[in-house]
Each structure stands twice: as C-alpha cells, then as structure tokens.
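Residue numbering restarts at 1 for every chain, and letters A, B, ... go by the order of the sequence lines. Just so it is clear, the values below take in all heavy atoms, side chains as well, and ignore hydrogens, waters and symmetry mates.
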Amino acid sequence: MSLKLYDTLSRSLKRFEPANPPTVSLYACGPTIYDHAHIGNYRSFLVYDLLHRYLVWSGYNVRFVMNLTDVDDKTILKAAEAGETIKEYTGPFGKQILEDAEELGILPAEAYPLATDYIEEMISWTQRLIENGMAYSTADGSVYFSIGSFPEYGRLKGLDLETATTVSRVDSDEYEKEDVRDFVLWKTTKSIDEKVEASWDSPWGRGRPGWHLECSVMSIKELGETLDIHMGGEDLVFPHHENEIAQSEAVTGKPFVRHWVHVKHLVVEGSKMSKSLGNTITVRQLLEEGFEPAAIRHQLLSAQYRKELNFTRKDLVASASAVQRIVDFETRLSSFGELPVDGEGELSAISLKTISEFQSVMDDDLNSAEALAVLFVFINKANGELDSGSDIFQGDVDRALETLKSMDLVFGLLSIAKETRQIDSSMEVWVERLLDERNEARQNRDFQRADQIRDELLSKGIALEDSEGGTRWKKSG
RNA sequence: GGCGCCGUAGCCAAGCGGUAAGGCAGAGGCCUGCAAAGCCUUUAUUCCCCGGUUCGAAUCCGGGCGGCGCCUCCA
C-alpha cells in the first residue's frame with residue numbers, strides 16, 4: 001500500500017508520488033491575519049497537520065511551509081480603523097493564531113512567510129510576466145494577468161471559460177482590464193494604503209501586490225518551482241489557486257503543483273459559519289468555555305477531510321469522553337508492574353495487526369474517521385485481552401504501548417490530552433493526603449467518610465479508581 | 001443559471017457490489033463495600049423515497065424529495 005490522495009486538478013484519487021523522495025514539499029494556504037482565526041480555519045490547519053504528520057510517520061522528509069497573509073483589502077481597512085500600520089495591526093493576530101495552533105497540538109511549519117516580506121520578489125515576478133506577454137500594465141499603474149494568454153486557465157475548477165463567463169463577475173470598478181476575467185498582480189496605491197504603510201515603490205509607481213501573487217512567489221521561493229502538495233480550503237480552488245497556477249506556470253514553464261488537496265468547509269451548529277450570521281467560534285472561546293484542546297482536535301478529525309463536518313458543542317462533549325478512553329487505556333498499559341519477559345501473547349499480534357490497518361486506512365486519502373475506529377477497536381481488543389486472564393508478557397505491553405504511541409504521532413490526541421491533565425505539585429500533595437485519609441477510612445470500613453472524600457475530590461476534578469493494586473487518581477473533565 | 005457534495009441507529013460517523021466499523025448516549029450482567037475504570041450481552045433485518053441493472057446493492061444506473069457548498073473577500 002501507499003498513500004493515495006484526492007487531487008482536485010485531475011478530480012481523482014491519485015497515488016502520491018513526490019518528485020524527489022524521500023523529500024516532500026508541502027505548501028498550505030494560511031490565514032489572512034486581520035482577525036482571530038475561527039474554528040473553520042483550524043479544521044484546515046488540522047488537516048494540514050494531519051497530512052504533515054502522516055507523511056512524517058510514513059518516513060518522508062517533509063518540508064512544510066504555511067504562509068500568513070498580512071496585506072489585503074480587509075487588513076488595510078482594519079488597520080486604518082485602528083490607526084495602525086499593517087505591520088503593527090497584523091503582528092499580534094499572527095502570533096495568536098500560531099499560539100492557538102500550538103495549543104491544538106499542530107506541529108510547527110518550517111516557515112511562515114509573510115507576504116510583505118516578499119514584495120521585491122513579487123515585483124520581479126510581475127515584470128517577468130509582462131516581459132513574457134502574459135501581463136499588462138494600465139494607465140493608473142496597476143498590472144493585470146491576461147487570462148487569454150494562458151489556455152489552461154479554468155482547469156482546476158473545471159470551468160469552461162468560453163461558455164461560463166459569469167455575469168456577476170463583471171465589476172464596473174475594474175474598467176481598465178482588457179478582459180473582465182483578468183486578475184490583478186499589482187494594484188496602484190490609494191491614500192488609505194499609504195496611511196497604513198501598505199504601499200511600495202515599483203516600476204509602475206507606488207502600489208501593492210494583488211493577493212494571488214504572494215502564494216506563487218513564496219511557495220516557489222521556499223520550496224522550489226514544482227510543489228509536491230499544495231493545500232488549502234475548498235473556497236480557494238477558484239480563483240485563488242487557479243490564478244496561482246496561471247502565474248506560476250507562466251513564469252517557470254513548469255507544472256506548479258503535483259497534488260492539489262482541498263479541505264471541505266466546516267459547518268457550525270448546523271449552519272454555515274459566517275461573520276454576518278454571528279456564529280463564528282474561535283478556539284480561544286472554546287478553551288475559555290472549558291473544552292479541552294484534545295476534544296476539539298478529536299472532533300475535527302472525526303470526519304474525513306473532504307466530508308462536511310458539523311461542529312457542535314454537544315459533540316465536543318462526546319469527543320472529550322472518547323479522548324478520556326484513550327488516556328485511560330494508556331494509563332492502564334503504563335501501570336503494569338513486573339511482568340515475565342520470556343514470552344509473547346495475543347496482545348502482540350493484535351498490536352501488529354492494528355498498525356497495518358491504521359496504515360491502510362490512512363493511505364486511503366487520510367481517512368481519519370476510520371483510523372480513529374482502528375484505534376478504538378485496538379483499545380477494545382487489548383482491554384479484552386488484558387481482562388481475559390491469559391498470560392501477559394512484558395513484550396506484549398511494550399508493543400501495545402508502542403502501537404498506541406505510534407498512532408498518536410499522527411492523531412496527536414494523547415500527547416495534548418496529557419498536557420491539559422497535568423496538575424501542579426501543591427495540588428498533588430493535597431490529593432495524596434486526602435487519599436491516605438480515605439484509605440485509612442476504608443480499612444476501618446468507614447465507607448461514609450471514604451465516599452465523602454471521593455466526592456470532594458471529584459468536585460475538584462479528581463476522579464478515583466480503586467483497584468487491587470491500590471487507588472489510582474486522575475484529572476477528569 | 002453553472003460546477004460539486006451529502007442524506008446510514010437517539011446523536012456523530014465509517015463502509016462505496018458480497019450481506020451494516022467505531023465513538024458518544026441508553027439497557028442488562030460481571031467486577032467493586034459502593035463507585036469508577038474495564039469486560040460481556042444488548043441497541044439499524046436495514047442504509048431518504050421510487051424504479052432499474054445484478055445470483056447478490058447502503059454501495060452501480062435513472063427519476064424524485066430533502067439538506068449543503070463553491071461560482072464574490074473567505075480555511
């Protein structure tokens with residue numbers, strides 16, 4: 001088996017083949033950092049992370065880059081409202097978005113290029129496009145890409161440009177374009193741009209880059225002329241990615257991307273998330289409401305990335321329970337004392353089978369929903385085996401633990417759940433003291449006092465589990 | 001109008017031609033001082049509806065009905 005990914009351009013499941021294995025170049029369209037990122041953004045980021053992690057898990061040497069857009073119409077407007085330059089305005093948002101990503105266990109990218117750090121390159125790309133006859137400047141100092149000069153235009157989205165000239169796209173503002181479908185590479189400066197320092201010198205006068213150009217320039221500068229994988233939200237297929245292909249291939253003459261991967265949009269509490277409906281949710285909000293990062297992560301992974309996912313708080317509660325089950329299983333495996341070393345039981349066989357199943361469902365276009373099912377089947381079978389009374393050997397437990405941790409390298413659930421379950425040492429002392437008192441009460445068969453202590457601990461989020469080996473405690477929701 | 005997706009138990013969600021995974025929730029049992037955790041049993045004879053193809057369909061085809069996305073800034 002090997003990884004198959006759905007490729008938007010060919011509209012089919014395509015075997016993943018990087019140009020220069022074992023290296024993989026992975027580029028993802030990141031957010032525009034004019035506001036907090038919402039949970040929908042994070043579904044995309046999490047899918048980027050899932051692919052990133054799975055490629056690493058599969059043995060590839062992944063070079064992952066995600067851009068941050070810090071100059072565009074909305075950013076300029078917001079910065080002006082705040083009376084700041086775009087740099088001042090966007091900086092904190094960019095920082096916060098990455099902090100929240102870290103909280104969700106998203107592995108860092110190799111680089112997070114900012115659009116405004118690549119102005120010179122964008123200018124030189126624009127010049128090259130004009131030289132190639134693919135672009136033209138207008139009297140007002142803007143530059144447009146000429147779609148008519150790129151016959152492939154529209155292929156990614158599956159548009160037939162001859163017949164599908166959509167009426168709605170005729171924009172009266174942009175009368176200077178030779179063709180209404182042409183898109184802007186360089187925009188001439190308006191006074192507001194200067195105010196927020198979103199304006200640069202260019203051969204066509206003061207101006208700023210068009211949004212589409214940055215990804216072409218940054219991805220190629222960071223990763224080379226042909227990317228193995230380019231990811232983004234489904235909304236970016238057209239026109240953003242379509243435009244990227246046109247610009248990039250017009251300049252390099254090489255195929256821009258080998259695999260286009262697009263993430264389906266998230267639905268929140270049953271309806272599309274939008275600012276106008278006022279139903280956007282940020283990760284920060286959810287954390288403040290008391291949901292743990294691992295539960296958020298679990299829910300976002302519970303549907304395959306090309307399926308619609310309805311994100312709800314109710315399901316977040318269910319996800320938290322599911323995460324707890326994983327954590328409890330790991331605790332159980334880690335709590336074995338001395339075990340015989342000279343043997344191997346059924347548990348090892350179960351573990352081995354699990355890994356190969358995990359691999360095969362993940363290879364099938366990152367079917368995280370089914371991969372999670374593989375995890376839970378494993379937990380179920382392993383628990384059953386541990387309860388069966390048959391001999392357990394050290395190697396079995398080691399292998400099971402290894403299997404769990406290996407899958408978690410991709411899921412990233414256990415690792416972040418453990419972080420949120422950490423407890424400070426003064427609290428720990430307090431818990432241990434009460435636990436001693438309770439054990440003494442239990443020995444004296446003073447169950448009323450024992451249960452009272454258990455309830456008190458539970459009200460502070462500490463759950464107890466009595467077993468033959470003693471009482472175990474854990475932090476719980 | 002154009003392009004595309006989806007409709008599977010109370011909820012979430014796999015399966016995509018061979019007789020319904022998994023999670024959450026519920027019920028009964030084992031274990032326990034009681035719990036918790038874990039295990040066992042149980043919860044869709046059936047996959048929106050109607051036709052068709054097939055030995056066989058949730059899975060393929062046609063037609064309905066219902067929900068949604070993109071085509072415009074948007075992950």
Do we see a donor-acceptor contact under 3.5 Å between the side chains of A:Lys87 and A:Thr116?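 There is such a pair (donor and acceptor under 3.5 Å, judged by atom type) between the side chains of A:Lys87 and A:Thr116.
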
Would you kindly say whether A:Tyr89 and A:Asp70 are connected by a side-chain donor-acceptor distance under 3.5 Å?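 No, A:Asp70 and A:Tyr89 have no side-chain donor paired with an acceptor closer than 3.5 Å.
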
Just call it for [X]: base, sugar-phosphate, or nothing, with non-hydrogen atoms closer than 4.0 Å on any strand.
X: A:Tyr48; answer: sugar-phosphate
X: A:Ala318; answer: sugar-phosphate
X: A:Arg155; answer: nothing
X: A:Lys314; answer: sugar-phosphate
X: A:Leu375; answer: nothing
X: A:Gly384; answer: sugar-phosphate
X: A:Ala463; answer: nothing
X: A:Val377; answer: sugar-phosphate
X: A:Thr32; answer: sugar-phosphate
X: A:Gln304; answer: sugar-phosphate

May I ask you to check whether over 12 heavy atoms, not counting those of A:Glu110, lie within 6.0 Å of atom CD?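 Atom CD in A:Glu110 is crowded, with more than 12 foreign heavy atoms closer than 6.0 Å.
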
Mind calculating the distance between [atom1] ([X]) and [atom2] ([N]) to the nearest angstrom?
X: A:Arg313; N: B:A25; atom1: CZ; atom2: P; result: 20 Å
X: A:Phe376; N: B:G22; atom1: CZ; atom2: P; result: 12 Å
X: A:Asp451; N: B:U32; atom1: CG; atom2: P; result: 16 Å
X: A:Trp260; N: B:A75; atom1: CH2; atom2: P; result: 15 Å
X: A:Gln324; N: B:G23; atom1: CD; atom2: P; result: 15 Å
X: A:Lys381; N: B:G38; atom1: NZ; atom2: C1'; result: 17 Å
X: A:Asp328; N: B:A35; atom1: CG; atom2: P; result: 19 Å
X: A:Ile462; N: B:A35; atom1: CD1; atom2: C1'; result: 17 Å

Using the [atom1] atom as the point on both nucleotides, what is the distance between [M] and [N], in whole Å?
N: B:G15; M: B:G22; atom1: P; value: 14 Å
N: B:A37; M: B:A75; atom1: C1'; value: 39 Å
N: B:U46; M: B:G18; atom1: C1'; value: 16 Å
N: B:C50; M: B:A14; atom1: P; value: 25 Å
N: B:C61; M: B:G28; atom1: P; value: 45 Å
N: B:G23; M: B:A35; atom1: C1'; value: 24 Å
N: B:C12; M: B:A25; atom1: P; value: 15 Å
N: B:A44; M: B:A9; atom1: P; value: 11 Å

Classify the side chain of [X] and the base of [N] as holding, or not holding, a donor-acceptor pair under 3.5 Å.
X: A:Lys74; N: B:C73; answer: yes
X: A:Asp466; N: B:C34; answer: yes
X: A:Arg442; N: B:G33; answer: yes

Any stacking of A:Phe447 on B:G33, going by centres under 5.5 angstrom and planes within less than 30 degrees?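 Yes, A:Phe447 stacks on the base of B:G33.
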
A:His38 over B:A75, stacked by centroid distance under 5.5 Å, angle under 30°: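 A:His38 ring does not meet the centre or angle cut-off for B:A75; no stack.
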
Quick one: is [N] close enough that its OP1 or OP2 comes under 4.0 Å of any side-chain N or O from [X]?
X: A:Ser388; N: B:C39; result: no
X: A:Arg454; N: B:G33; result: no
X: A:Asn367; N: B:G15; result: yes
X: A:Arg325; N: B:G38; result: yes
X: A:Asn380; N: B:C39; result: yes
X: A:Trp473; N: B:A37; result: no

Kindly say whether A:Gly154 contributes a backbone atom to a donor-acceptor pair with the side chain of A:Glu242 at under 3.5 angstrom?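 Here the side-chain-to-backbone pair exists.
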
Under a 3.5 Å cut-off for both contacts, is [N] paired Watson-Crick or G-U wobble with anything, and if yes, with which nucleotide?
N: B:C11; result: B:G23
N: B:G4; result: B:C68
N: B:C60; result: B:G52
N: B:U45; result: none
N: B:G38; result: B:C30

Can you confirm if the NZ or CZ of A:Arg306 lies within 45° of the ring axis of A:Tyr6 and under 6.0 Å from the centre of its six-membered ring?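 Yes.
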
Look at the aromatic rings of A:Phe329 and A:Phe378 and report parallel, tilted or perpendicular, splitting at 30° and 60°.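 Judged by the thresholds at 30° and 60°, the geometry between A:Phe329 and A:Phe378 is perpendicular.
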
A:Phe45 and A:Tyr48 aromatic ring geometry - parallel, tilted or perpendicular at 30°/60° bounds: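 Ring orientation of A:Tyr48 relative to A:Phe45: tilted.
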
Quick check: on RNA chain B, is the nucleotide nearest A:Asp315 upstream (toward 5') of the one nearest A:Arg445, or the reverse? Name the residue that is more 5'.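 Nearer the 5' end of the strand: A:Asp315.
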
Nearest-nucleotide comparison on RNA chain B, the residue closer to the 5′ end among A:Leu464 and A:Val317: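 In this pair, the answer is A:Val317.
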
Between B:A36, B:C39, B:C6, which nucleotide gets closest to the side-chain atoms of A:Glu465?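 Of the candidates, B:A36 comes closest.
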
Atom of A:His241, atom of A:His230 and distance for their closest heavy-atom approach: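 In terms of heavy atoms, the two residues are closest at CE1-NE2, 3.2 Å.
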
A:Lys474 pairs by salt bridge (charged side-chain N to carboxylate O under 4.0 Å, His left out) with which of A:Glu428, A:Glu330, A:Glu465?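 Exactly one candidate clears the test, A:Glu465.
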
